[in-house]
Amino acid sequence: MPGPLKQAPPPLRVDTARVVLAGIGLWVVALVVVLLLGDRLDRVWTWTCVVGIVLPFGGLAIMRWQGQLGRRGAGER
């Protein structure tokens, strides 16, 4: 029989909006690189970058609708 179990740590508080915005920024950088490479790459990479930029805004809208954005604890700024 195993020994006593440790109590689980408290959940990590993450600002998901910042994480999503950072991801959008990375997709923008990737799009610039793809556009600079021009015809040396297949067009699918351009559209992949565009979708990677556009779709997260839908996710941010859903998070706002669900009340997950802008909600902070009493001791946070």
Side-chain angles (χ1 to χ4, degrees):
M1 192 149 219
L5 297 176
K6 293 182 180 179
Q7 185 177 0
L12 185 63
R13 298 180 84 71
V14 177
D15 186 0
T16 54
R18 281 189 185 178
V19 173
V20 171
L21 292 174
I24 292 171
L26 291 173
W27 278 114
V28 169
V29 170
L31 178 63
V32 169
V33 170
V34 166
L35 291 176
L36 288 174
L37 290 173
D39 290 336
R40 290 179 270 184
L41 292 176
D42 192 4
R43 267 306 134 197
V44 71
W45 294 111
T46 304
W47 288 109
T48 300
C49 293
V50 169
V51 169
I53 294 168
V54 173
L55 281 182
F57 287 107
L60 287 171
I62 290 171
M63 289 191 309
R64 181 176 302 274
W65 175 62
Q66 291 178 342
Q68 294 178 8
L69 294 182
R71 185 173 23 140
R72 301 210 182 254
E76 295 180 57
R77 282 183 108 210

Answer yes if [X] and [Y] sit in the same cluster of Ile, Leu, Val, Met, Phe, Trp and Tyr residues linked by side chain heavy atoms under 4.5 Å apart, and no otherwise.
X	Y	value
Val54	Met63	yes
Val44	Leu37	yes
Phe57	Trp47	yes
Val20	Val28	yes

Original post:
Do Leu21 and Ile24 have side-chain heavy atoms sitting under 4.5 Å apart?
Top reply: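 In short, these two side chains touch, coming nearer than 4.5 Å.
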
Original post:
Less than 4.5 Å apart, any side-chain heavy atom of Val50 and any of Trp27?
Top reply: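 Heavy-atom side-chain distance check fails, nothing below 4.5 Å.
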
Subject >> Separation between CG of Leu36 and CG of Leu31, rounded to the nearest 0.5 Å >> reply: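 That separation rounds to 9.5 Å.
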
Subject >> Least distance between heavy atoms, Cys49 atom then Val34 atom >> reply: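 Reported closest heavy-atom pair: SG-CG2, 4.1 Å.
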
